[in-house]
Structure formats: C-alpha cells, structure tokens
Amino acid sequence: MEMKIRTYGDPVLRKKSEKIDDINEELLELIEYMKKTMYSASGIGLAAPQVGINKRLFIIDIGEGIKTIINPEFIESNSSIIEMEEGCLSIPGTYKKVKRPEKVTVKYLNEKGEEIIEEADGIYARALQHENDHLDGIMFVDRLSTVGKKLVSKKLDAIKKETLKNL
Ligand code: NI
C-alpha cells in the first residue's frame, strides 16, 4: 500500500512526534508502506509524519540500501557547518541550500530493535538531520536565511493553499 504524502501546510507536519516503545507487527507494516511510498516518489528519505503518523521513525536510502531509523538521538559532536542543497517530498519542486553540521553521530534502533551508533557525513549525515527535523515538526525551509525564506514564500503559500483545499 502506498500512503498519501502530506504536504506543506498540513498540521501533522508541525507536531512533535512520539517515541516508539514497541516494534510490533503494526509498526513493521507501517515501515513497509513507507518504503513503497518513498521509492514510488523517488525520494531518498521519508519520515513518519510525512505520511500522517506522528511517531519517531524515518527511512533513508541514499543509494546504499534502506535504513530504518527508530527513536534517533544525536550525540553532540564538533563539526564544521556546511551548505548543501535540500529538497523534501512534502515541499514538491523546491530545492534550496541549507546550513547544517557536516558530520553527525546518531544513536537509534533499527527495525529488529537493535541499538546502532553511527558516525555519518556527506549526504547521509544531511538526510539524517533533515528527516530528524520532521520528527520535531521542523521543515528545511525553516532553516533558510531571511532572504532564502523570502525567495520561497510564494511557492510555499501556493503549496499550502493546495494542501488546505485537499485536507
Ligand atoms: Ni523532508
């Protein structure tokens, strides 16, 4: 089953998601649906709130296989800040450079419930931070400069209008 991808303006994208305390059949089914949905939309990442579920879960595939990330926590690390272009399935057709730490260390559970600690850089580090933001109701356009925000404001207004019409 493919799920509907929620778009900018949908209140579900602005809620803080809840920690998952049981990796059960229902959750594994949701993960399968999310994978189908992400691949069908040609995305490299998808967070549960983007399909209307406010749970701390996302998936990433940057071309190195699928990763399921449950209850992620970022461990403080010193890293330089770099700019990289980002897009989001919930904000179709909008790509902008965003500043974020280049490297991150993340602790999470995979879908087998195993605890994983990973150091990441490059596109993977970027995707981890972008998707994690979704769990806190933050979208990448929130992280743009004042000028950057101005440049996307019309587009965002248009997407929001369409979203609210179809809610
Ligand atoms: Ni996104």
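For the single chain, residues carry numbers from 1 onward in sequence order. Counting starts at 1 for both ligands and their atoms, following the listed order.
Shown here are the side chain to side chain contact (heavy atoms under 4.5 Å, CB included) partners of I81, two or more places apart in sequence or in another chain: K99, P101. With sequence neighbours left out, T68 forms a side chain to side chain contact (heavy atoms under 4.5 Å, CB included) with I31, K35, L57, I59, I70, E111. Listed by chain and number, the residues in a salt bridge (Lys or Arg N to Asp or Glu O under 4.0 Å) with E118 are K67 (sequence neighbours excluded).
A donor-acceptor contact shorter than 3.5 Å is absent between the side chain of T7 and the backbone of S90. Remark: the backbone N or O of F140 is not paired with any side-chain donor or acceptor of D133 at under 3.5 angstrom.
Counting only heavy atoms from C-beta outward, the side chains of Q129 and V104 approach each other to under 4.5 Å.
With a cut-off of 2.8 Å, the protein N/O/S atoms near the Ni ion (ligand 1) add up to 3.
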